[in-house]
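Report on the structure given below.
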Amino acid sequence: MDVFHVFFVLFAIYITFSDALMFHISPNTKKCLREEIHKDVLVAGEYAISDAPGQKVNLAVTDSKGHILYNKEDIKKGKFAFTTEEYDMFEVCFEAKMTTGGHGSDTEVTLDLKHGVEAKQYDDLAKAEKLKPLEVELRRLEDLSKSIVDDFEYMKAREKEMRDTNESTHSRVMYFSIFSMCCLLGLATWQVLYLRRYFKAKKLIE
């Protein structure tokens with residue numbers, strides 16, 4: 001496979017990533033989206049809320065420790081962005097609340113959440129560094145290939161951790177089995193000696 005085909009495959013993978021989500025929230029309810037993201041990864045989101053008189057929707061983005069990365073009340077349309085400091089589970093929550101004179105219709109939410117290569121603004125990068133369209137595309141593909149390599153490295157590290165855990169568990173099970181067998185052999189030997197002394201005391205055996 002030549003370089004052009006490699007770039008084509010990477011680009012095909014890249015363009016399949018950017019799909020926006022659309023869902024509905026009932027009044028006085030909360031819906032959250034969760035995703036695991038690696039360390040030092042740019043995360044960008046764009047949202048839009050349908051008009052629902054008498055209701056307001058609040059948005060909060062938090063990590064697994066409860067740290068607030070983005071928080072805004074009574075949202076309509078906007079964007080947010082942050083860079084992860086460590087590998088973690090991140091949560092994007094939309095909460096619809098009724099206000100005075102509101103009605104009970106659902107609110108439509110559209111969320112376009114991107115991270116990594118797909119979150120970078122390459123148009124701004126092209127203007128800042130005065131890059132040609134082909135150079136921008138090559139930079140994009142270079143970042144994408146690095147992202148894929150990083151993912152493989154992460155999976156390789158996780159596989160090693162799981163293998164070490166399995167080997168450790170196997171060793172502990174083996175040692176526990178050996179210990180159990182020794183205990184059983186010791187108990188059986190003690191029972192034989194005890195019964196022998198008992199039978200000798202009763203003069204049932206010589």
Side-chain angles (χ1 to χ4, degrees), residues 1-3 5-19 21 23 30-45 60-71 80-94 111-120 139-202 204-206:
M1 182 179 291
D2 57 23
V3 175
H5 287 144
V6 172
F7 280 168
F8 180 80
V9 171
L10 292 176
F11 183 70
I13 295 172
Y14 167 75
I15 61 177
T16 60
F17 288 160
S18 54
D19 290 329
L21 297 174
F23 53 92
K30 184 178 183 180
K31 284 190 177 181
C32 296
L33 303 173
R34 295 179 180 176
E35 187 170 1
E36 290 182 335
I37 303 177
H38 297 299
K39 180 181 179 181
D40 296 328
V41 173
L42 174 64
V43 180
V61 182
T62 58
D63 59 15
S64 62
K65 301 179 180 62
H67 300 147
I68 299 176
L69 305 174
Y70 180 84
N71 185 35
F80 63 86
F82 62 91
T83 301
T84 59
E85 295 182 356
E86 59 183 349
Y87 176 82
D88 203 349
M89 174 75 74
F90 296 90
E91 191 173 63
V92 182
C93 292
F94 294 87
L111 175 64
D112 188 6
L113 188 63
K114 301 178 181 180
H115 55 80
V117 176
E118 55 185 350
K120 290 186 178 180
R139 179 71 65 85
R140 191 199 310 267
L141 292 173
E142 181 183 358
D143 291 343
L144 177 59
S145 61
K146 183 179 182 302
S147 175
I148 294 175
V149 170
D150 291 342
D151 287 340
F152 276 118
E153 289 294 333
Y154 172 76
M155 288 188 288
K156 184 178 179 181
R158 288 294 299 271
E159 189 273 336
K160 183 179 182 300
E161 290 178 2
M162 293 180 64
R163 185 173 65 250
D164 292 342
T165 301
N166 290 336
E167 291 177 355
S168 176
T169 302
H170 181 266
S171 298
R172 291 181 181 181
V173 170
M174 182 182 66
Y175 290 138
F176 179 76
S177 298
I178 294 174
F179 175 75
S180 299
M181 290 178 61
C182 291
C183 289
L184 291 174
L185 289 174
L187 180 62
T189 302
W190 176 81
Q191 287 179 334
V192 170
L193 295 175
Y194 175 80
L195 290 174
R196 186 177 180 183
R197 286 197 302 268
Y198 176 80
F199 291 144
K200 279 186 176 181
K202 295 295 183 179
L204 297 177
I205 60 174
E206 294 297 331

For [X] versus [Y], what's the shortest heavy-atom pair and its separation?
| X | Y | answer |
| --- | --- | --- |
| M89 | R34 | SD-CB, 3.7 Å |
| G45 | L113 | CA-CD1, 4.1 Å |
| T84 | H38 | OG1-O, 2.6 Å |
| E86 | K65 | OE2-NZ, 2.7 Å |
| H67 | D63 | N-OD1, 2.8 Å |

Going by side-chain hydrogen bond (donor to acceptor under 3.5 Å, both in side chains), name the residues that satisfy it together with N166, two or more places apart in sequence or in a different chain.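 N166: no side-chain hydrogen bond (donor to acceptor under 3.5 Å, both in side chains) contacts found.
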How would you list, by chain and number, every residue that makes a side-chain hydrogen bond (donor to acceptor under 3.5 Å, both in side chains) with E153, sequence neighbours excluded?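 None.
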Atom [atom1] of [X]: over 12 foreign heavy atoms under 6.0 Å:
| X | atom1 | result |
| --- | --- | --- |
| K30 | NZ | no |
| M155 | CE | yes |
| E35 | CD | yes |
| R172 | CZ | no |
| F23 | CZ | yes |

For the CD atom of E36 and the NE2 atom of H115, what is their distance to the nearest 0.5 Å?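 That separation rounds to 11.0 Å.
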Under 3.5 Å, which donor-acceptor pairs link side chains of residues 174-192 to any protein atom two or more places apart or in another chain?
unit_1	atom_1	unit_2	atom_2	d
S177	OG	V173	O	2.8
S180	OG	F176	O	2.9
T189	OG1	L185	O	2.8

Flag side-chain contact, heavy atom, 4.5 Å: D112 against K114: yes
Check L69, V41, V43, T62 against F90 for a side chain to side chain contact (heavy atoms under 4.5 Å, CB included) and give me the one that passes. L69
